Amino acid sequence: MSRSFRAETVKLVRRPASWLLLAITLVLSLIFTYVFPYAGLAGAADGPNTDRALPALLPDQLVGNSLGGLPVFLGSILLILGVLTVGGEYGWGTWKTVLTQGPTRLEVYAGKLLALAAAALAVVLAVFAVGAVASVLIASAEAQPVTWPTAGDLLTGIGAGWLIATMWAMLGAVLAVALRAVALPVGLGLVWMLAVQNLLAAIAAPLVDWVAKAQEGLPGPNAGSLAAALGAPGDTPGVAATVGGGQAAVVVAAYLVGFAVVGAVLLRRRDIG
Amino acid sequence: MNLPVQTEGLTKRYGGLTAVQDLQLTVRAGEVYGFLGPNGAGKTTTLRMLLGLVRPTAGTVRLLGRPPAAGRLTGVGALIEGPAFYPYLSGRDNLRVLARYAGVGADRVALVLDLVDLTDRAGDRYAGYSLGMKQRLGVAAALLKDPRLLILDEPTNGLDPAGMADMRTLIRRLGAAGCTVLVSSHLLGEVEQICDRVGVIARGRLVAEGSVAELRGAAGLRLLADPLDAAAERARELVGAERVRVVDGGLELAVDPDRAAWLNTELVGAGLAVRELRPRERDLEQVFFDLVEKGTADVA
């Protein structure tokens, strides 16, 4: 499996789309978490989160600010990365090329999932790093003291972010295996994350009790609850304390494992076209 | 005997469509085996089942003595249904990635690139390769593991005549070096040039198997002489009536071609004017069409 992991890592690192997705992630995170709120604060422009006060942009809020995008927007990008990593093999017809070199299907799939998990960690660390730089710059500009979260909070935040990011990447992977393609899994995944989740939370849950109850078991609301428990701003789309942080972490981890297992079972059982 | 390729009752159905039916295929160690059939006959489906990419509906496969679904394809190299690689990587980097999966060193990458004459363009992106270059890279990938069994699906597709000749030479060389090669093709001339034995598949069934000479059937002689009736009568006296047929204004004699000189002497001695006397071989193309037609009729 280590051979497959190394091969998958090379493919992921050398693929231009991976870097493009990382760049989009960092730009979105920077703009919506720091640039627009700070611009609004300075009275220069209106935009999302312009009502947020200066203390929310300072380094001691780094953990919450870095996790806020993961339940929906940044999570969507991780989902796309998962689809591309697995679905690309269907799109290019390269499953046969890889499998005839000797590894079993599960070895290759495990290598892909490990590479995705490593990529998710890299993305989360990059989001934290960019957020740290941005918050320090704002603190300096506003002559505010630079106070960092404790190491424990930072590690917990990075761990939670990694868990959420990996879960979405696994969803992308399982969708790619189930649909044996790239475009359709990306489309369906984004519809779920950007539209259906929000409609359920904003429209259906307040009106129908069982939908509200079901929300407590869905991946998005649990990711949002985990982020909220660690200080993500409540006005960020997808962030809401629907359940407690501990339960949310368990549910997100369960989804992560579930997506990985379902993908493995499907890949093992079905023909490679 | 441990055969490199052995199938028993191999069958694949897709809903109501039977792609491969009850296929018994055996490839012996060290031979170059041609898997011949028209498009849609079931060649690629069979090869995919051999490699564990497609699960058989029924039957068993053993590659180098082991079922392919049991684990990794040790000692087997393959190019199935055209080359497929990562377009954003160069040819060399594609092979390096595959070498990681295969657990072979970078020295093999350079070696196989050289074998398929792709070293000069190995640094170019795969997306910019011509069809022929892609095909050669596919063969290079199949050779990465220095396989004991090589399975090639239409390996000369997309190659120019010189590339096709090089590929055939390479296959023959691999065969001569002890590598067992199973090569599918719909090109009769290709199979004739490189294969020790041939299996013909039609509508998912193996309709014939043997050497090219065996498939062609017994050799004989073609005779044109005047007058034809007298020549036919004399020929029947000489070789037996059951061995003489009148075909297309001439005679076909089911006798060893080595007896041509003796026969000519006898016919001329009998006062007949012999205009033509030559060995008669069934054209492989005709054999192929006859077999496919027969196989199709049997299934229907």
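No experiment lies behind these values; they were computed from the predicted model shown. Side chains included, hydrogens not; waters and symmetry mates left out as well; all remaining heavy atoms used. Sequence lines set the chain letters: A, B, ... in the order given, protein chains first and strands last, and positions in each chain run from 1.
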Problem set entry | Interface residues of residues 95-108 of chain B facing chain A - heavy atom cut-off under 4.5 Å | B:V97, B:L98, B:R100, B:Y101, B:A102, B:G103
Problem set entry | Interchain contact, B:D93 with chain A, by part (heavy-atom threshold 4.5 Å) | side chain
For this session: With a 4.5 Å cut-off on heavy-atom pairs, point out which of B:G138, B:P87, B:A142 contacts chain A the most.
Result: B:P87
Exercise. Can we say B:D166 and B:R173 salt-bridge, meaning some charged N sits less than 4.0 Å from an Asp/Glu carboxylate O?
Worked result: no
For this session: Using modelled atom types only, decide if a donor and an acceptor are shared between the side chain of B:R13 and the backbone of B:A19 within a distance under 3.5 Å.
Result: no
Exercise. Is there a donor-acceptor pair under 3.5 Å between the side chain of A:T85 and the backbone N or O of A:L81?
Worked result: yes
For this session: For chain A, find its close neighbours in residues 37-47 of chain B: heavy-atom separation under 4.5 Å, sorted by number, or none.
Result: none
Exercise. Is there a donor-acceptor contact under 3.5 Å from the side chain of B:Q135 to the main chain of B:E154?
Worked result: yes
Exercise. Quick one: are the ring centres of A:Y90 and A:W95 less than 6.0 Å apart?
Worked result: yes
Exercise. Side chain, backbone, both or neither: which part of A:R105 has a non-hydrogen atom closer than 4.5 Å to chain B?
Worked result: side chain
Seminar exercise, completed: So the side chain to side chain donor-acceptor pair (under 3.5 Å) pairs with at least one residue in residues 108-120 of chain A (sequence neighbours excluded) are A:E8-A:K112, A:E89-A:K112
Exercise. Cation over ring, B:K134 on B:Y126, under 6.0 Å and within 45°?
Worked result: yes
Problem set entry | Pair B:E31-B:T180, side-chain donor/acceptor within less than 3.5 Å | no
Exercise. With the threshold set at 4.0 Å, does a side-chain nitrogen-carboxylate oxygen contact exist between B:R48 and B:E81?
Worked result: yes
For this session: Return the set of residues passing salt bridge (charged side-chain N to carboxylate O under 4.0 Å, His left out) with A:R6 (not counting sequence neighbours), or none when no residue passes.
Result: none
Problem set entry | Under 3.5 Å: donor-acceptor pair, side chain of A:T97, backbone of B:A84 | yes
For this session: Tell me, for A:V10 versus chain B, whether the close heavy atoms (under 4.5 Å) come from the side chain, the backbone, both or neither.
Result: side chain
